[in-house]
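Read through the structure below, which is laid out as structure tokens, and then see the notes.
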Amino acid sequence: MSKVLSAVAWPYANGPRHIGHVAGFGVPSDVFSRYMRMAGHDVLMVSGTDEHGTPILIAADEAGLTPQELADQNHRMIAEDLTALGISYDLYTRTTTRNHYAVVQEMFRGVHENGYFVEKTTYGAISPSTGRTLPDRYIEGTCPICGYDGARGDQCDSCGNQLDPHELKDPKSKINGETPEFIETQHFFLDLPALADALTEWLDEREASGTWRPNVIRFSQNILKEIKPRAMTRDIDWGIPIPLEGWQDNPTKKLYVWFDAVIGYLSASIEWARRGDDPEAWRAWWNPASDSGEEALSYYFMGKDNITFHSQIWPAELLAYSGRGDKGGGLHAFGHLNLPTEVVSSEFLTMEGRKFSSSKRVVIYVRDLLSRYQPDAFRYFVASAGPENQDSDFTWSEFVRRTNDELVAGWGNLVSRTATLIAKNFGQIPPAGEFTVEDRRLLDLVEGTFPAVGDLIAAHRQKQAIGQAMRAVAEVNKYVTDSEPWTLKSEDQRERLGTILHVLAQCVVDLNLILSPFLPFSANAIHAVFGGTGEVQPMPRIDEVDDLDGGAGYPIITGDYTGARAWGRSPLQVGTPISKPTPVFTKLDTAVVDEELARLGG
RNA sequence: GGGGCGGUAGCUCAGUCGGUUAGAGCAAAGGACUCAUAAUCCUUGGGUCGUGGGUUCGAGCCCCACCCGCCCUACCA
């Protein structure tokens with residue numbers, strides 16, 4: 001048994017999240033975490049809302065709010081969405097807590113003391129009215145090469161050339177139209193070249209493990225070839241202060257949002273421990289096994305656009321903090337911090353063949369989807385048709401089809417016919433008599449599905465895992481048809497009838513457990529149908545908490561997942577009363593396809 | 001422009017070390033059945049594996065070129 005850290009990408013607080021976001025990091029991380037708990041591992045699942053950076057400032061200005069007010073609103077909304085999806089975080093927090101500020105500043109100081117920051121003067125654009133950095137993408141002007149007047153600061157969309165913003169003719173801020181000012185400014189750069197050897201060694205060892213998705217490991221190794229120092233500070237007034245004399249109180253110098261966001265995995269683990277019995281408990285997931293006696297594994301879940309930050313920037317910060325690069329260095333308060341065991345990156349979900357775009361209304365927000373459909377229907381779609389190894393397309397017709405023809409007609413129907421047959425004939429789970437060869441074969445097949453599906457989930461092959469489970473569902477449906485229990489009406493056939501229904505009930509209860517990491521809500525409902533407590537899969541909840549260090553209170557997602565069932569068959573309780581169930585899954589009217597398409601922008 | 005990943009049945013996707021006649025689910029057509037949310041089960045049809053070359057006894061898989069899609073190449077996150 002191991003300590004397993006499920007580190008889930010931090011949603012950005014500039015607005016509500018759409019289903020593409022949660023398809024990439026949410027559902028896969030939750031399926032994995034729920035399974036790992038059932039397999040007996042000690043899982044710590046953390047994430048939170050990422051609330052710093054320029055886009056938050058801009059969104060706040062547009063909404064007439066302060067950045068903190070905007071972040072407060074969006075943090076709450078995102079937390080509600082993730083809870084409604086059933087994502088079983090031990091702690092879902094945010095980056096504007098005092099705890100996070102303190103952890104980030106400790107990391108900065110450690111990296112700085114170990115010598116992995118270099119100070120450099122750069123030439124950059126600022127907005128004269130606010131003094132804030134104006135990132136390249138927010139500058140537009142006339143391309144000096146082709147004369148196109150809508151060129152962005154970094155690239156001209158017309159001729160495709162890469163540009164420097166100060167080369168643009170007639171540059172303008174896209175935010176307020178003013179002319180940017182180009183100034184010299186001092187920043188701290190993370191000395192990535194001094195960490196490149198250590199990163200290479202780590203990636204080579206990870207590649208040798210053979211567990212990473214091939215494109216993720218190849219991409220990670222490739223970006224290492226052109227590694228260069230990256231600025232970890234910005235001219236901005238919204239962010240975490242730089243904890244150094246002369247910088248600390250500068251209102252317009254802050255840490256780069258990505259420097260702080262990835263540290264969230266650590267700060268959330270520490271916050272979780274501080275809210276529990278032992279404030280040092282986080283170390284079992286972060287420090288090497290020799291310190292805690294138990295193997296510590298860490299899995300990071302995200303979309304492919306975040307690979308750089310998880311396979312380069314974050315491991316570099318960890319290495320630098322614990323003095324493991326070319327420049328050496330010492331250990332600090334957090335000790336020797338583990339590098340990621342695996343970076344599990346999803347590809348992208350598209351929407352009806354197009355990229356998601358809030359402005360063009362090619363989008364469906366998580367809360368809109370969940371207000372009209374069951375969370376498990378969406379989770380089923382993502383698990384079976386999501387962007388696991390390549391981009392995949394969400395279409396309403398495919399969503400309706402998967403829900404109706406696979407989830408309802410395949411699995412829902414098996415649950416329904418099994419419970420109804422038992423309710424009508426016995427009213428309780430009957431005892432089994434002698435098993436036939438067919439009974440044995442089916443029982444063995446279903447029991448063998450536990451390790452098969454479990455191994456696939458552990459290897460992050462969830463599409464194949466749920467496919468395997470659904471094939472077992474089909475086998476059980478076939479068994480019902482072949483054994484024709486409805487024809488066994490006479491008294492001398494009653495024992496055989498009871499045996500068939502006992503076998504069926506056992507298989508359905510088993511399959512419910514196997515499907516429960518994917519379909520936690522319906523797993524609980526089905527558990528209740530078969531006489532259980534309805535608590536096969538514990539659910540997350542939102543708590544309103546105080547800031548641990550005197551800041552403003554905020555909502556978190558947390559939960560008690562210690563009740564997770566073991567991954568394997570548990571025998572039926574003969575005599576458990578069963579009544580005719582109401583349908584667990586809602587069949588969708590095909591008219592919803594047109595209704596939903598009408599909501600999308602042209 | 002550079003780096004990476006992908007293109008296989010109407011749709012969504014598997015395809016291991018290069019090895020028999022390229023598979024699954026859904027959709028379609030026909031049949032069986034009635035316990036079940038008209039659900040289930042059986043059978044059948046369906047493919048120039050993006051295009052063009054090459055290596056090989058043998059290529060979906062390896063090599064070269066090209067076409068198409070996506071991600072990265074940002075002081076956006």
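Each chain gets a letter, A, B and so on, in the order the sequences are listed, and its residues count up from 1.
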Collect all protein-nucleotide pairs involving nucleotides 30-32 of chain B in which both atoms are nitrogen or oxygen and the distance is under 3.5 Å.
none

Any chance you could lay out the side-chain contact (heavy atoms from CB on, under 4.5 Å) test for Phe108(A) and Phe117(A), step after step, and finish with the verdict?
-> CA-CA 9 Å; Phe108(A) 184 93; Phe117(A) 278 126; 3.4 Å; yes

Does G4(B) have OP1 or OP2 sitting under 4.0 Å from an N or O in the side chain of Lys304(A)?
-> no

Does G69(B) have OP1 or OP2 sitting under 4.0 Å from an N or O in the side chain of Lys355(A)?
-> no

Donor-acceptor pair under 3.5 Å, Ser392(A) side chain vs C13(B) base = no

Look at all strands and tell whether Ala409(A) reaches a base, only sugar-phosphate, or nothing, counting heavy atoms closer than 4.0 Å.
-> sugar-phosphate

So, is C17(B) syn or anti if syn means the angle is within 90° of 0?
-> syn

Could you tell me whether Glu398(A) atom CD has more than 12 heavy atoms of other residues or ligands within 6.0 Å of it?
-> yes

Phosphate oxygens OP1/OP2 of G15(B): is one of them under 4.0 Å from a side-chain N or O of Arg461(A)?
-> yes

Are a donor atom and an acceptor atom from the side chains of Thr49(A) and Tyr92(A) found within less than 3.5 Å of each other?
-> yes

Secondary structure string for RNA chain B (Watson-Crick or G-U under 3.5 angstrom, | for other-strand pairs) | (((((((..((((.....[...)))).(((((.......))))).....(((((..]....))))))))))))....

Give me, pair by pair, the N or O atoms of the protein and of nucleotides 62-64 of chain B that are less than 3.5 Å apart, along with how far apart they are.
none

So what does Asp50(A) touch, heavy atoms closer than 4.0 Å: a base, only the sugar-phosphate, or nothing?
-> sugar-phosphate

Examine Arg494(A) relative to Phe426(A) and say whether NZ or CZ is less than 6.0 Å from the centre of the six-membered ring and inside a 45° cone about the ring axis.
-> yes

Any pair counted as salt bridge (charged side-chain N to carboxylate O under 4.0 Å, His left out), so long as it reaches residues 301-314 of chain A, sequence neighbours left out | Lys304(A)-Glu347(A), Lys304(A)-Asp391(A)

Pick out the pairs of N or O atoms, protein on one side and nucleotides 5-9 of chain B on the other, that lie under 3.5 Å.
{"unit_1": "C5(B)", "atom_1": "OP1", "unit_2": "Arg218(A)", "atom_2": "NE", "d": "3.0"}
{"unit_1": "C5(B)", "atom_1": "OP1", "unit_2": "Arg218(A)", "atom_2": "NH1", "d": "2.6"}
{"unit_1": "C5(B)", "atom_1": "OP1", "unit_2": "Arg218(A)", "atom_2": "NH2", "d": "3.4"}
{"unit_1": "G6(B)", "atom_1": "O2'", "unit_2": "Gln390(A)", "atom_2": "OE1", "d": "3.4"}

Selection: residues 374-386 of chain A, any non-hydrogen atom under 4.0 Å of RNA chain B = none

